[in-house]
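Hydrogens, waters and symmetry mates play no part in the numbers below; they use all other heavy atoms, side chains included. Here the structure is a predicted model, which means the values were calculated and not measured.
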Amino acid sequence: MDYMDSGLRYTPKSDKDWDTSVQFLPASDNKKLEKKKGPGKIGAVIAVVIFAAVIALMTGLLVWHFHFRKDLRVKKMYSGSMRITNQVFEDAYENSNSTEFKALAKQVTTQLKAIYSKSPQLAKYYVGSTVQAFSEGSVIAYYLSEFSVPAGQEASVDKAMTSLDKLVDKEQRSVQRAGNSLLFDDVVSSGLDERLLSRSFSGFFNYAEHTRTNKIGQIQSPGFPDRPYPSNTFLQWRLRADYNHIIKLEFDTMNLEEDCKNDFVKIYDSLVAIESRVMEEMCGYYSPSEPMTFLSSGNVMLVTMATNERKSYPGFRAQVSQIPRGSRSLTCGGQLAGDKGRFTSPNFPNYYPPRTLCRWTIQVPAGKLVKVTFNKFLLSEPGQGNKKDCRKDFVQVNGKKFCGEEPDGTVTETSTTNTMDVTFYSDSSYVDRGFDAEFEAIDIKDPCPKKFQCRNQRCIKLELRCDGWNDCGDMSEELNCKCNSTDITCKNGLCKPMFWKCDGIDDCGDRTDEQNCGGCSSGHISCKNNKCVSEKKRCDGNDDCGDGTDELDCRRVTDTSCTDLTYRCKNNKCISKVNPECDGTRDCEDGSDEENCDCGKRLSKTSRIVGGQDAEDGEFPWQVSLHVRNFGHVCGASIISQRWLVTAAHCVQDDGKRRYSQPGTWEAYLGLHNQRAIGNTVVRRSLKRIISHPNYNAYTFDNDIALMELDSPINYSEHIQPICLPAAQHDFQTGSNVWITGWGATREGGFAATVLQKAQVRIINHSVCDTLLGGQLTSRMTCAGVLSGGVDACQGDSGGPLSSPAGTRMFLAGVVSWGDGCARRNKPGVYTTVTKYRGWIKQVAGV
């Protein structure tokens, strides 16, 4: 019998089945309204009808509740695998249409039904199973099982499925089993990702790839690279390698929609989508320069892709090959000896394989101690929220576990003898890039010669002690400090530079540095002009501050008065919302705040680590390299339209040798990443004209901004995009994080970078920065940097962008202008404030 034919059904009566003969009319005789001793015939009839209606309604509700509602069922799918120990793999099992496959599959599904029958929760809801594939070892069966579960009972079925291995043992011990029954072990089961069961899918595609020695196969999304992948589609690729080999899957392109709820790719260490065997889930854009290589634990792997009806992107492409299981590149663990050395997780810096166990024993000369420092530590995965627990992937050093993601060099351990044991473990789900570690022999009496030893055993320079910065990573060098008169003494015992006092940022961590700043009392708000007004006057329609601060970000239907702080729409009406442009919400009546918003989108994922490092290819597609002909890179610039670039005026000032103000001196390289690799994504343009700001001051660097017009318009691509220009009223808040990029010198007085560099810094309070730089700032300059030093723009970065993130876009907050040296402590970089020049840019370039 089909499972849909069983069970009770109830169909409620339609409205036309109700009795419509009784009508209720208004009384025309006043005497009929007078009280009587009894209800009378009409009243009795009415009472009977009402009583009957109530009974019928209650009966219908009860029947619906116990019968019709009971038939509301939920489709539940579970995927899993089990090893058949009394079978030997045959090549025919790889073909689902072969007689051998069908025979073994039938036997597996028959026994699955018997296994589910051992559980009352599973037996009564079981629909059926299908075997999806077989693989070696002895034979591993991959299956899907379907259950039709009454609404509200899903949790009980989920719980029963978690004990499937016990049900298998129970079935295998049954005296009623046939002598030729299959023997199972290594049973795995989990609920199928509900996104893979979407009813919106209109297309289903299955592919298979069996790689061989010296063969490199390729898989890719449909249409790649000529057209976008299809919408509302589910695809899967079953990958196999020869026995005693593992699969190497290497992506050279990954460009999907950013939100994994819409489009995604998932990789499984299996041949069906078992969630406890998922290795990684990906969406968005990954640069080809970022290694994305995955290794399986066995000789199979599954790649799935699901898309919805929204935007489609180019998709992905990956190479498939196999590696012998005992390859040297995959081996890990063993004996390490000597004064120093290095070791890594398998496949580093790519993803380590699941189900891996490595053990190293490190020995240094007698009388010394072993110190291990993890230069990279990336062991993060979903479900591992508590770093102290480390139940999933971890590194264990002398019995102490480490997991998650840690800053470079902050994980260190020192032994108590001249030996140390290090263990690396990865479970069956989700993988990461692993670690890169080094060990060294240290003196027991002086583990950090001429340096300060942090509590985490890291060694830092003595001059970094008590300077207010977390150089150790655990703040231990900032504890028990005696602050001098030029420092702020925080209540928590930290010392911070005095010029950080009252800059609007909680540098102490307990707000000591922001107390007694002459701010507004409780119940008042602080205006930008430092005036205090009552909170009750906020958004009352009156400019109580005098600068309009109290009327910003107010939700009013009435028109907002236009001030220097309010956003002006194209229809000359103003809105109080701060930074409304290109945020995805139409705030202006004419929609002008959402016009010209095809800008500021980065293609690459944000890297894990901030500060002075290679940018990803395509991560800052508005970055331009300005070359002096027959010389090379000299300055940076930003794309703001198909014809116009923004750079610094000081880059285009003539000197005794060259006429930098002339367009013929320059060539602009757009879409460039590596100065030594001019690939097919790069566009080279000559200049038509150069326009410096008429009030540029070469001595003070005031008004340090210039526009460049290209000799012909450019076509936008993945690697060439404009950055968003902010409105004149756009507020780039003090303390917010921004990005600096360029090919300038990587250190003061050093050589230019070959690969585009990026660093994350924060906007510094204007008055604080002016104090630090000896009063050289004007109102048209913005400061940004890391006051501890080590991160900054430098020679060759001039003219490049200061990019500020806002939602999914980047706005041009500033243009690299000048600084006191490069990356010096307490010497932030200075940038031309773009908002001050929006009218001029509009007038000259029409942008």
Side-chain angles (χ1 to χ4, degrees), residues 596 599-600 620 622-626 628 634-641 643-655 659-663 665-666 668 670 687-710 722-732 738-742 744 761 763-764 766 769-770 773 776-785 793-804 810-819 828-847:
N596 305 315
C599 59
F620 297 90
W622 45 85
Q623 176 78 47
V624 178
S625 174
L626 296 177
V628 170
V634 172
C635 276
S638 304
I639 302 170
I640 59 170
S641 76
R643 275 192 176 273
W644 290 92
L645 312 177
V646 172
T647 189
H650 79 260
C651 287
V652 293
Q653 302 303 304
D654 294 338
D655 64 13
R659 300 184 65 192
Y660 293 107
S661 63
Q662 298 305 307
T665 303
W666 299 92
L670 300 84
L687 302 183
K688 182 178 180 180
R689 48 180 179 150
I690 299 174
I691 305 172
S692 290
H693 194 277
N695 297 326
Y696 168 66
N697 187 319
Y699 296 99
T700 64
F701 286 88
D702 198 14
N703 302 300
D704 189 12
I705 189 170
L707 291 167
M708 292 178 163
E709 185 178 8
L710 303 175
I723 189 171
C724 295
L725 283 175
Q729 304 81 16
H730 197 105
D731 184 22
F732 296 101
V738 287
W739 288 92
I740 50 176
T741 49
V761 294
I763 295 178
I764 308 296
H766 192 275
C769 184
D770 195 32
L773 297 178
Q776 299 181 69
L777 292 192
T778 72
S779 61
R780 291 163 292 277
M781 298 177 184
T782 295
C783 284
C794 204
Q795 292 88 358
D797 293 322
S798 293
L802 181 70
S803 305
S804 175
M810 285 277 203
F811 284 82
L812 185 62
V815 176
V816 179
S817 181
W818 64 277
V830 182
Y831 302 79
T832 306
T833 307
V834 174
T835 54
K836 301 292 185 180
Y837 301 93
R838 282 299 285 117
W840 178 72
I841 294 172
K842 176 71 173 176
Q843 178 186 357
V844 174
V847 182

Engineer: Decide yes or no for L707 and I640: does some side-chain heavy atom of the first lie under 4.5 Å from some side-chain heavy atom of the second?
Structural biologist: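 Yes. Closest side-chain heavy atoms under 4.5 Å.
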Engineer: Closest heavy-atom contact between L812 and P801?
Structural biologist: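 It is CD1-CB, 3.6 Å.
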Engineer: Is there side-chain contact between S641 and P722, with at least one heavy-atom pair below 4.5 Å?
Structural biologist: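 Counting from C-beta outward, S641 and P722 never come under 4.5 Å.
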Engineer: Should W818 and S798 be marked as a side chain to side chain donor-acceptor pair (under 3.5 Å) after you check the CA-CA gap, both sets of side-chain angles, and the distance that decides it?
Structural biologist: CA-CA 8 Å; W818 64 277; S798 293; over 6 Å; no
Engineer: Can you measure from OH (Y660) to CG (D654) and round to the nearest 0.5 angstrom?
Structural biologist: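 Answer for the OH-CG pair, Y660 versus D654, is 9.5 Å.
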Engineer: Quick check: closest heavy atoms across A649 and N703, and the distance to 0.1 Å?
Structural biologist: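 The pair with the smallest heavy-atom distance is CB-O, 4.2 Å.
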Engineer: Would you say that L725 contacts V847 through its side chain, given a criterion of any heavy-atom pair below 4.5 Å between the two side chains?
Structural biologist: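 Touching, per the 4.5 Å side-chain cut-off.
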Engineer: Under a 4.5 Å cut-off applied to non-hydrogen side-chain atoms, are V815 and V834 in contact?
Structural biologist: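 Yes. Closest side-chain heavy atoms under 4.5 Å.
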Engineer: Is T835 close to Q729 at the side-chain level, that is, under 4.5 Å between some pair of heavy atoms?
Structural biologist: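 No, too far: nothing below the 4.5 Å cut-off.
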Engineer: Does one side chain, of S817 or H650, offer a donor that lies under 3.5 Å from an acceptor on the other?
Structural biologist: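 Per modelled atom types, S817 and H650 side chains form no pair under 3.5 Å.
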Engineer: To check you understand the geometry: which heavy-atom pair defines the closest contact between L626 and M708, and what is its length?
Structural biologist: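 Smallest interatomic distance, heavy atoms only, reads CD1-CE, 3.6 Å.
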Engineer: Can you say whether the rings of H693 and W840 are parallel (under 30°), tilted (30 to 60°) or perpendicular (over 60°)?
Structural biologist: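 Taking W840 first and then H693, their aromatic rings sit tilted (interplane angle of 30° to 60°).
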Engineer: Got a donor-acceptor contact below 3.5 angstrom from the S638 side chain to the T647 backbone?
Structural biologist: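 No, the answer is negative, given that no donor and acceptor are paired below the 3.5 Å cut-off.
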Engineer: Check W622 against S803 and note the closest heavy-atom contact, atom names and distance.
Structural biologist: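 Of all heavy-atom pairs spanning W622 and S803, the closest is NE1-OG, 3.2 Å.
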Engineer: Would you say that W666 contacts V652 through its side chain, given a criterion of any heavy-atom pair below 4.5 Å between the two side chains?
Structural biologist: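 W666 reaches V652 side chain to side chain.
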Engineer: Check each of V624, I723, V646 against I639 using the side-chain contact (heavy atoms from CB on, under 4.5 Å) test, and report the only one that passes.
Structural biologist: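 With I639 as partner, side-chain contact (heavy atoms from CB on, under 4.5 Å) holds for just one option, V624.
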Engineer: Is there a side-chain contact between P726 and F811 (heavy atoms, below 4.5 Å)?
Structural biologist: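 In contact.
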Engineer: Taking atom CG of D702 and atom CG of N697, what is their separation to the nearest 0.5 Å?
Structural biologist: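 Rounded to the nearest 0.5 Å, the CG-CG separation comes out at 6.5 Å.
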Engineer: Consider only side-chain N and O atoms of D704 and T832, and report whether a donor and an acceptor are under 3.5 Å apart.
Structural biologist: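 No, T832 and D704 have no side-chain donor paired with an acceptor closer than 3.5 Å.
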Engineer: Check the pair C769, M781 against side-chain contact (heavy atoms from CB on, under 4.5 Å), reporting the backbone distance first and the verdict last.
Structural biologist: CA-CA 10 Å; C769 184; M781 298 177 184; over 6 Å; no
Engineer: Any chance you could measure I705, atom CD1, to K836, atom NZ, to the nearest 0.5 Å?
Structural biologist: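 If we round to the nearest 0.5 Å, I705:CD1 and K836:NZ are 13.0 Å apart.
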Engineer: Taking the side chain as every heavy atom from C-beta outward, state whether L710 and W644 have any atom pair closer than 4.5 Å.
Structural biologist: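 When only atoms from C-beta onward are counted, W644 and L710 do not touch, as no gap falls below 4.5 Å.
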Engineer: At what distance, to the nearest 0.5 angstrom, does OG1 of T833 lie from CZ of F732?
Structural biologist: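 Those atoms lie 9.5 Å apart.
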Engineer: Please report the closest heavy-atom contact between A784 and V761, naming both atoms and the distance.
Structural biologist: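 That closest heavy-atom pairing would be CB-CG2, 4.0 Å.
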Engineer: Short question: side chain of Q776, backbone of L773 - any donor-acceptor pair under 3.5 Å?
Structural biologist: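 Such a contact is found between Q776 side chain and L773 backbone.
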Engineer: Looking at L777, is its backbone amide N or carbonyl O close enough to the side chain of H766 to form a donor-acceptor pair, meaning the two atoms are under 3.5 Å apart?
Structural biologist: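 No; judged by distance alone, with no hydrogens or angles, the pair does not exist.
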Engineer: Give a yes-or-no answer on whether the side chains of W739 and S804 include a donor-acceptor pair shorter than 3.5 Å.
Structural biologist: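 S804 and W739 do not have a side-chain donor-acceptor pair below 3.5 Å.
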